[in-house]
Amino acid sequence: MKEIAEGSLLYLDNVHRAFDGFKAINGLSLVLAPGEMRAIIGPNGAGKTTMMDIITGKTKPDTGDVIFEGKVDLTRHDEAEIANMGIGRKFQKPTVFESHTVADNLELALRARRGPFATLLHQTTKAEFDRIDEILETIRLTARRDWLAANLSHGQKQWLEIGMLLAQEPRLLLVDEPVAGMTDDETAETAALLRRIAKTQSVVVVEHDMTFVRELGVKVTVLHEGSVLAEGSLDAVSSNPKVIEVYLGR
Amino acid sequence: MSLARTSFTHIVVLVALVVAILAAGLGLARAQTDLKPLVDALGTGDFDSTEEAINGLAASGDPRVADILRALEGRELYLRKDDQTVVRSDGKGREPEIFDPLSGASLGTVKKPVLDRISVNNKIRRAVQAAVGTLTLRSPDADVRRSAALAVLKTREPATIPALDSAIAAETDEAIRTLMVGARGAAVLNSDAPDADKLTAIEEVQGLDARDAMQILTQYAGAPGEVGPAAQAAMDDVKFTLDAWSAAQNVWFGVSLGSVLLLAAIGLAITFGVMGVINMAHGEMVMIGAYVTFAVQELIRTSMPGLFDYSLLIALPLAFLVAGAMGVAIERGIIRFLYGRPLETLLATWGLSLILQQLIRSIFGAQNRQVGNPSWMSGSFDIGLMSITWSRLWIVVFAICVFFALMAVLKKTPFGLQTRAVTANRPMASAMGIRTPWIDAMTFGLGSGIAGIAGVALSQIENVSPNLGQGYIIDSFMVVVFGGVGNLWGTLVGALTLGVANKFLEPYAGAVLGKILVLVFIILFIQKRPRGLFALKGRAIEA
Amino acid sequence: MITQFLLGGLDRRVNVVLALILAVAVVVPVLHLALPPDNPFHVPNYAMALFGKYLCYALLALSLDLVWGYCGILSLGHGAFFALGGYAMGMYLMRQIGPRGVYGDPILPDFMVFLNYKELPWFWYGFDMFWFAALMVVLVPGALAFVFGWFAFRSRVTGVYLSIITQAMTYALLLAFFRNDMGLGGNNGLTDFKDILGFPVQAPGTRAALFAATALALALCFWICSAVTRSKLGKVLVAVRDAESRTRFIGYRVENYKLFVWVLSAMMAGVAGALYVPQIGIINPSEFDPANSIEAVIWVAVGGRGTLLGPIVGAILVNFGKTWFTSALPELWLFALGALFVVVTLFLPKGVVGTVRQFWRERSERKAVAVAPIKPNPEPEPAE
C-alpha cells in the first residue's frame with residue numbers, strides 16, 4: 001500500500017472519520033503529485049473541511065492512511081509539527097491575529113525557528129524585513145503595513161492570510177474558500193496569485209465559486225458524502241451525470 | 001342477670017386479691033429471714049466472701065436483691081460495726097441516717113465512726129452486674145430483658161450460666177434469645193468448661209452483633225487446644241461480615257454525599273452546558289435556598305407552630321422561586337452583557353457571590369443559623385450493621401426526584417427541546433427562530449432555582465451560614481467536568497462516583513487527604529478526557 | 001544576546017515607570033529612616049509594612065497579567081505560587097530563629113517541638129542557608145507550575161476549565177497545608193521570625209532595606225516582562241491569546257509557549273511571596289485561599305490587563321481602597337469589592353490604564369485626521 005504513496009506529495013487512502021455516527025469522511029482516497037494544483041468542490045457536508053482537518057492534524061481519522069511526501073504518516077503528528085513539515089493552511093473564515101499589525105502577522109508566519117527560547121531572543125534581521133516587504137507587495141498591503149489586522153476589510157484579511165501562507169514557505173498549501181466575500185476583480189487577482197504560487201508549490205483549493213475554479217484551470221476533484229465522486233477537468237466533471245445529479249442540482 | 005354476673009366477677013377479683021396479698025406477705029417474711037444473713041455477709045470478710053454473698057443473693061431470685069446490689073456498687077452499703085449488720089446510707093454528715101437495705105425502713109441515725117463502707121473492686125463490680133443481669137433476665141418487660149442480657153454479656157461471668165440457661169429456655173423473643181445464647185457462649189468461653197463446650201460456645205458467640213463477637217473472640221484467638229484456631233476461624237468469618245457492612249456503610253455515605261453533590265451540581269451543569277459560562281455565585285443560590293428554609297421555619301415557629309412538619313414542603317417552592325428569580329435577574333442584569341466572554345462572566349459572578357454573602361451576613365448575621373429537622377426527617381434506623389439517618393435518606397430520594405423531574409423537563413417540554421437545541425448549536429438554534437436570549441434567561445433561572453431547592457435539602461444536614469455555598473462551587477464544577485458537559489446522566493454518574501470515591505478514600509487517607517486525592521485525580525482525568533466521561537461529540541463541539 | 005534582549009524591553013514609557021519605581025525604592029526608606037517621627041513626611045513603621053505589602057501585591061499582579069493579559073490564561077490559583085514562595089522564605093526565617101524559640105531547641109522550630117518531632121523533616125534541610133532558600137523561592141513555585149502546566153497545556157485544557165482547575169490546585173494546597181503532618185506549621189503557619197541575614201526583621205533599617213528590595217524586585221520584573229512581551233515570543237503569546245488554533249497551524253507549539261510564560265510567571269509570584277513574608281511577619285495556609293487568588297485577578301482587571309503598568313496601578317489602588325474601607329467601613333468592604341468585580345468587567349474591560357491610553361490615542365488620532373486620512377493604530381491592544 002505504502003509503495004503507491006512513493007513519489008506523491010500527499011496521499012490519502014481509504015480514510016474514514018465519523019462524528020457520533022455521522023460519516024463525515026467515508027473511504028476518501030486522494031493523491032496529489034508534487035507541484036500540482038488541485039481544486040476540490042462539493043456540496044455542503046461533503047467532507048471538505050474535515051478532509052483539511054485530517055491533513056493538518058486537527059482531527060485524527062478513525063482508519064486509513066494519510067501520507068506526506070511518500071513517507072511521513074501525518075496521523076502521528078500534531079498541528080504544529082505538520083505545519084513545520086511544510087503544510088500551510090488558510091481557513092474558510094479568515095483568521096488573522098487581530099491585535100497584531102499586518103507586518104507582525106507576517107513576521108510571526110515567516111519561516112524561522114519556532115521554539116520559545118528561539119523566539120524569545122530573536123532579533124528581526126534585514127533579510128526578514130525584506131521578505132516581509134516583498135510579501136506585502138505581493139498581497140498589496142504595503143500601505144497597510146502598520147495597521148492592526150483587526151481594522152482590515154474582509155478581503156484584505158483573506159489576502160493577509162494568503163500572505164501568511166506564503167511567509168511560511170510551505171510545500172503544500174491548503175486553501176479553504178479563498179474568494180468568499182471578494183469582488184469579481186479581487187477574485188480574478190486571487191486566482192492569478194494562486195496560479196503564480198502553484199509554479200513553485202503544490203496547492204489544494206476548496207471553493208464553491210465555479211467561475212473561480214474555471215479561472216484556475218486545474219484538475220478538479222468532486223467530493224460527495226465523504227468520498228470522491230468524480231475527478232478530472234472541470235468540463236469533464238461538470239458533464240458527469242452523477243455530479244450533475246448531486247451537485248449541480250438538477 | 002347482668003347484676004349477678006357483675007357481683008360474681010367482683011367476688012372473684014376480691015378473693016384473688018386477698019390471696020395475693022397473703023402470699024406476698026408470707027413470701028416477704030420468708031425472704032426477709034432467708035436474705036438477711038446473705039446481706040450481712042456482704043460486709044464481712046474479704047472480697048471473695050462478698051462475691052459469694054452476691055452470688056447467693058442472685059440465686060435467691062428475689063426482686064429486691066437487684067436494688068441492694070446496685071446500692072453496693074454505688075457504695076451506699078455500710079457495715080455497722082457495733083452489730084455486724086449491713087445497712088444502707090448516703091453517709092452524709094456526722095451522724096448519717098441509716099436504713100434497712102431489705103425493707104428500706106429507717107433505723108435512725110448513728111455516729112459516723114460506727115459505719116464502715118463496704119469496699120468494691122472491679123471483680124465485685126462485675127459480679128454485681130452479672131447478678132443484676134441474671135435477676136432481670138426474666139423480667140416480663142422485653143426491654144429490661146434485653147438490657148439485662150447485654151449487661152450479662154459485658155461481664156462474661158461464668159456464674160451467670162445457670163441463670164442464662166433458664167432464661168433462654170423461657171425466652172420467646174428471638175432476638176433477645178440470640179443475645180442470651182451469645183452471652184452464655186461468652187460466659188462459657190470465660191469459664192473452665194471443656195473444649196468441646198467452648199467450641200459450641202464460639203458458634204453461639206458468632207450469633208451476636210459482629211462488633212461484640214469480634215471483641216470477645218479476639219481474646220481467645222490465641223487460646224491453647226482446639227479453641228484458639230476455632231476462635232480464629234470464627235473471627236475471620238465475623239471480620240468478613242464486618243468488612244462487608246463497613247463497605248456497605250461507606251457506599252451509603254458515598255451515595256449520600258453524591259446526592260448532595262448532584263443537587264448542587266445539576267443546576268451548574270445546565271447553565272454551563274447551555275451557555276458555556278460558569279456562575280461562581282451558584283453556591284450562593286444554594287445558600288439563599290437554605291436561608292429561605294430558615295426564614296420559613298422562623299415564621300412558622302412564631303405564628304403557627306403546628307405547621308412545623310410541613311416547613312420544608314413550604315420552603316421548597318419558595319426557595320425555587322427566590323433563587324430562580326435571582327438567577328433570571330443575574331442573567332438579565334449582568335451575564336447577557338458578557339456573552340462570549342466566559343472568563344469575565346466568571347469574575348463578575350464571583351463579585352456577585354461576594355455581594356450576596358455580605359448581604360446575607362448583614363441581614364441574618366454571620367453566625368450559624370439552626371434549621372430544625374421536621375419529625376419525619378429526624379432520627380435514624382439500622383439495616384444490619386449500617387446506620388441510616390432519615391435526613392440523608394430523604395435527601396437521596398429527593399435528589400433522585402429532582403434529577404428525573406429535570407430530565408423530564410428537558411426531554412418532554414418545548415422549553416427543554418429548545419434548551420437542548422441551544423446547547424447543541426447556538427447559531428443554528430437562533431437561525432431557526434428560537435429566542436436564545438429568552439432560553440438563556442430561563443435556563444439560568446432554572447439552574448439557580450434548582451440550586452435554591454438544593455439549599456433546602458442542605459439546610460437539613462449542614463450549618464446554615466453565609467459561607468454555606470462557597471465550599472460547593474469547586475466540587476460542583478468537578479462533578480460537571482468529570483461527568484461531561486451538557487449531559488445530565490454524566491452529572492449523575494459524576495456526582496455518585498466522586499461521592500463514593502471520597503468516602504472510600506477517607507478511612508485510608510483521612511478526610512482532607514482523601515479530598516486532595518480526588519482533586520488530583522480529576523486534574524489528571526481532565527488531561528486524559530478533557531470533555532469528561534460522557535462527552536458530546538461532533539465537529540461543532542471540537543471546533 | 002541576553003543584554004540585547006533586555007535592552008529590547010526598554011523604551012521611553014518603560015524607562016519612566018522604571019525610574020518611578022526606583023525613586024520610590026530610595027525615597028520611602030529615606031523618609032522612614034532619616035526624618036524624626038514628628039515630621040509630617042516621616043513614614044512610620046506600620047506604613048512601611050503596608051507599602052511594602054502593596055508592592056508585593058503589585059508584583060503578584062504583574063506576574064498574573066503576564067499570563068492573563070498576554071497569553072489569555074486566567075489563573076485563579078496564582079496565590080498558590082505566591083504562598084509557596086512565602087513558605088520557602090518563611091522556612092529560612094524559622095531556621096534563623098535557632099535556639100531563641102520558646103522551647104529553645106537549637107534546630108527544631110517551636111511548632112515541631114510542640115508536635116513531638118524528633119528530627120527535622122528532610123525538606124527542611126538547607127533552609128538554614130539564605131542562598132538555598134532564595135533558590136527555592138523561585139524553584140518550588142516554578143516546579144509546581146511546570147508539572148501542572150505540562151499536564152494542563154499538553155492536553156489543551158483551556159478557558160474556564162483551566163481557570164477552575166487552577167482554583168482546585170490552590171484549594172488542594174490549602175487543605176494540604178492546614179494539616180499538621182505536612183511539617184509546615186499547620187493551621188498557624190510560620191511566624192515569630194527573629195532576623196534575616198543577621199539583621200532583626202523588626203528593626204527600621206531592615207524594614208527600609210526590605211522595602212527597597214521589594215521595589216527593586218518589582219522594577220527588575222517589570223523590565224523582564226517588558227522585554228518578554230516586546231520580543232517575538234511576546235508576539236506569539238498575544239497570537240495564542242487571540243487565536244490559539246491559528247497559531248498552531250503556522251507551526252508554533254502553543255503548549256510550550258504557555259508553559260514558558262506560566263513557569264516564569266509562577267517564579268515571579270514566588271518572589272513576591274518571599275518578599276511579603278518578612279515584612280508581614282507571618283505565612284499561614286490562608287494565603288492559599290482561592291478567594292485571595294481571585295482578588296489578585298481583580299487588581300489586574302482594575303489596572304488594565306495586557307498593559308504592564310496596569311496591574312501595578314490596580315494592585316496599589318485596590319489595596320489602598322481595601323485598607324481604607326476595612327478601617328472606615330468594614331462591613332461595606334465586601335460589597336465594594338464585589339461591585340468592583342461587576343463594574344470593571346461590565347464597564348471598564350480595559351482597566352484604568354488601558355482606558356486612559358485609549359483616550360489619549362483617540363485624541364491624538366482626531367488631531368492627526370486633519371493631516372493624514374489614514375492613521376494606523378500605533379500599538380496592539382488586546383481584543384478581549
Side-chain angles (χ1 to χ4, degrees), chain B residues 272 276-278 280-281 330 333-335 337-338 340-359 361-362 366 466 470-471 473-478 480-481 485 510-520 522-532 543, chain C residues 68 72-74 76 147-148 150-182 245 289-291 294-295 297-298 300-301 305 331-347 349 384:
Chain B
F272 187 54
V277 298
I278 294 185
M280 293 295 267
I330 292 173
I334 294 176
I335 290 177
F337 300 110
L338 296 171
R341 291 151 69 194
L343 296 183
E344 265 99 333
T345 313
L346 204 146
L347 292 181
T349 49
W350 172 263
L352 260 178
S353 83
L354 292 182
I355 294 175
L356 289 175
Q357 276 176 39
Q358 188 61 26
L359 193 69
R361 211 171 279 133
S362 309
Q470 243 181 353
I473 189 74
I474 292 183
D475 282 342
S476 308
F477 188 80
M478 289 300 152
V480 175
V481 166
V485 176
V512 172
L513 209 58
K515 209 169 168 57
I516 295 172
L517 286 177
V518 169
L519 282 180
V520 169
I522 293 177
I523 291 176
L524 291 178
F525 176 82
I526 300 182
Q527 320 296 326
K528 277 281 144 220
R529 301 192 63 161
R531 309 252 160 227
Chain C
W68 185 31
I73 305 168
L74 175 56
L76 299 182
V147 172
F148 183 90
W150 170 267
F151 283 116
F153 301 140
R154 211 173 43 128
S155 43
R156 304 192 182 175
V157 179
T158 55
V160 287
Y161 284 88
L162 186 72
S163 299
I164 294 284
I165 66 165
T166 57
Q167 189 176 24
M169 172 190 77
T170 190
Y171 184 59
L173 284 169
L174 169 78
L175 293 178
F177 274 70
F178 263 124
R179 290 159 51 88
N180 275 329
D181 36 1
M182 272 292 277
S245 78
D289 191 335
I294 301 195
E295 217 177 302
V297 172
I298 201 63
V300 181
R305 73 198 124 110
E331 67 285 355
L332 289 186
W333 164 241
L334 280 181
F335 285 125
L337 183 65
L340 200 58
F341 272 98
V342 176
V343 169
V344 167
T345 45
L346 281 183
F347 302 112
E384 236 188 302

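Order of the sequence lines fixes the chain letters, A, B, ..., with proteins taken first and strands second; residue numbering starts at 1 for each chain. In this text the structure is predicted, and so the values were computed from the model without any measurement.
Only the side chain of B:Ile474 comes within less than 4.5 Å of a heavy atom of chain C; its backbone N, CA, C and O stay farther away. Of the two parts of C:Ala336, neither the backbone nor the side chain holds a non-hydrogen atom closer than 4.5 Å to a non-hydrogen atom of chain B. With a 4.5 angstrom heavy-atom cutoff, B:Leu346 touches chain C only via side-chain atoms. In this structure, chain B has no heavy atom under 4.5 Å from any part of C:Trp333. Of the two parts of C:Val160, the backbone and the side chain both hold a non-hydrogen atom closer than 4.5 Å to a non-hydrogen atom of chain B.
Residue C:Leu175 holds its CG atom at 10.0 Å from OG1 of C:Thr170, rounded to the nearest 0.5 Å. In this structure, the separation between CG on C:Leu162 and CE on C:Met169 is 9.5 Å, given to the nearest 0.5 Å. Taking CZ from C:Phe341 and OG1 from C:Thr345, the interatomic distance works out to 9.0 Å, rounded to the nearest 0.5 Å. To the nearest 0.5 Å, the span separating CG on C:Leu332 from OG on B:Ser362 amounts to 8.0 Å.
A donor-acceptor pair is defined here as one N or O able to donate and one able to accept, closer than 3.5 Å; such a pair exists between the side chain of B:Gln358 and the backbone of C:Glu331.
Ranked by heavy-atom pairs under 4.5 Å with chain C, the first of B:Thr349, B:Leu359, B:Thr345 is B:Leu359. Among C:Leu76, C:Ile164, C:Leu74, C:Leu334, the residue making the largest number of heavy-atom pairs under 4.5 Å with chain B is C:Ile164.
Checked against a 6.0 Å centroid threshold, the rings of C:Tyr161 and B:Phe272 count as neighbours.
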